[in-house]
Amino acid sequence: MIFGDFEIFPLVEQKFKLDGGTMFGVVPKKIWGRLVPVDDDNLIDMQTNLFLIKANGKNILCDTGLGDCITEQERKIYGAPGKTGIETGLENYGVSPDNIDIVFLSHLHTDHAGGSIKNDNDRLVTRFKNARYIVQKREWDDAMNPNERTAPVYIR
């Protein structure tokens, strides 16, 4: 999609499952259940949709998905394979992780920010080593000091 000086490209990082009640919150299942099928465990199919924006000679990635550093327990919780499609998705648009200039994170929940890191010889390192990472200060503060309700959605 071209939007003025911006080229916007969608990519799916990976598919996962999430508890329907978690996703729809206070909306009753009688309403959302008509539109979204659930499995026997009340899980709904989800996917992490990322956007690559090319503008003014810069490559900007909006969110990074679950990534491939989630634990076995987190894979079970999310019903995710734990294999990221970030590199392949970017390659489809002629971009490598080293070509990303800015990573904009809408928020720091695992399914939006987990792909920001990768495992390199048993060390967690930033996946986009040349990028500047941007997140709202309030979200950063919340992620660094989660309460008992929000702690499970952040990976330390």
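Computed from a predicted model, the values in this text were never measured in an experiment.
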Report the distance from atom [atom1] of [X] to atom [atom2] of [Y], rounding to the nearest 0.5 Å.
| X | Y | atom1 | atom2 | value |
| --- | --- | --- | --- | --- |
| Phe128 | Ile102 | CZ | CD1 | 13.0 Å |
| Asn42 | Met23 | CG | CE | 13.5 Å |
| Ile134 | Cys62 | CD1 | SG | 9.5 Å |
| Gln47 | Leu66 | CD | CG | 11.5 Å |
| Thr110 | His107 | OG1 | NE2 | 9.0 Å |
| Thr71 | Lys76 | OG1 | NZ | 9.5 Å |

[X] atom [atom1], over 12 foreign heavy atoms within 6.0 Å:
| X | atom1 | answer |
| --- | --- | --- |
| Tyr93 | OH | yes |
| Asp5 | CG | no |
| Gln136 | CD | no |
| Gln73 | CD | no |

Distance-only donor-acceptor check, side chains Glu91 and Thr88, under 3.5 Å
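Short answer, no.
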
Do Asp111 and Thr48 have side-chain N/O donor and acceptor atoms under 3.5 Å apart?
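Side chains of Asp111 and Thr48: no pair found under 3.5 Å.
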
Indicate if [X] and [Y] have the same hydrophobic cluster label, given that clusters are the connected sets of ILVMFWY residues with side-chain heavy-atom separations under 4.5 angstrom.
| X | Y | value |
| --- | --- | --- |
| Val103 | Trp140 | yes |
| Tyr78 | Met46 | yes |
| Phe6 | Phe51 | yes |
| Ile117 | Tyr133 | no |
| Met1 | Phe9 | no |

Test log, rule side-chain contact (heavy atoms from CB on, under 4.5 Å), inputs Leu90 and Ile100
CA-CA 9 Å; Leu90 290 173; Ile100 298 296; 4.1 Å; yes

Candidate pair Val38 and Leu43, rule side-chain contact (heavy atoms from CB on, under 4.5 Å), full reasoning
CA-CA 5 Å; Val38 298; Leu43 300 177; over 6 Å; no

List the steps, then state whether side-chain contact (heavy atoms from CB on, under 4.5 Å) holds for Asn119 with Arg123.
CA-CA 5 Å; Asn119 192 325; Arg123 285 184 41 238; 5.7 Å; no

Mind checking whether Val125 and Lys118 have side chains closer than 4.5 Å, heavy atoms only?
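Yes, at least one pair of side-chain atoms sits under 4.5 Å.
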
Is any side-chain heavy atom of Phe24 less than 4.5 Å from a side-chain heavy atom of Ile44?
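In contact.
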
Between Asp45 and Lys17, is there a side-chain N and carboxylate O pair less than 4.0 Å apart?
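Salt bridge present between Asp45 and Lys17.
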
Taking the basic N atoms (NZ, or NE/NH1/NH2) and the acidic carboxylate oxygens, is any pair closer than 4.0 Å for Asp98 and Arg127?
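The answer is no: the pair does not qualify as a salt bridge.
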
Compare every heavy atom of [Y] with every heavy atom of [X], then report the nearest pair and how far apart it is.
| X | Y | answer |
| --- | --- | --- |
| Ile86 | Leu11 | O-CD1, 4.2 Å |
| Phe16 | Ala80 | CB-CB, 3.8 Å |
| Leu124 | Cys69 | CD2-SG, 3.7 Å |
| Ser116 | Leu105 | OG-CD2, 3.8 Å |
| Asp68 | Arg75 | O-NH2, 4.0 Å |
| Trp32 | Lys29 | NE1-CA, 3.3 Å |

Report the C-alpha distance between Asp142 and Arg138 in whole Å, list the side-chain angles of each, state the deciding distance to 0.1 Å, and finish with yes or no for side-chain contact (heavy atoms from CB on, under 4.5 Å).
CA-CA 6 Å; Asp142 286 348; Arg138 184 171 176 183; 4.2 Å; yes

Check step by step if side-chain hydrogen bond (donor to acceptor under 3.5 Å, both in side chains) holds for Thr84 and Glu13.
CA-CA 6 Å; Thr84 185; Glu13 187 264 338; 2.7 Å; yes

Check whether any side-chain N or O of [X] sits under 3.5 Å from a backbone N or O of [Y] as a donor-acceptor pair, and report yes or no.
| X | Y | result |
| --- | --- | --- |
| Asp63 | Gly65 | no |
| Gln14 | Gly67 | yes |
| Asn147 | Arg149 | yes |

Looking at Ile60, Leu52, Ile53, Ile2, which hits side-chain contact (heavy atoms from CB on, under 4.5 Å) with Ile8?
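When side-chain contact (heavy atoms from CB on, under 4.5 Å) is applied between Ile8 and each of Ile60, Leu52, Ile53, Ile2, only Ile53 qualifies.
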
Give the intermediate values and the outcome of side-chain hydrogen bond (donor to acceptor under 3.5 Å, both in side chains) for residues Glu139 and Tyr154.
CA-CA 11 Å; Glu139 176 63 12; Tyr154 296 111; 3.0 Å; yes

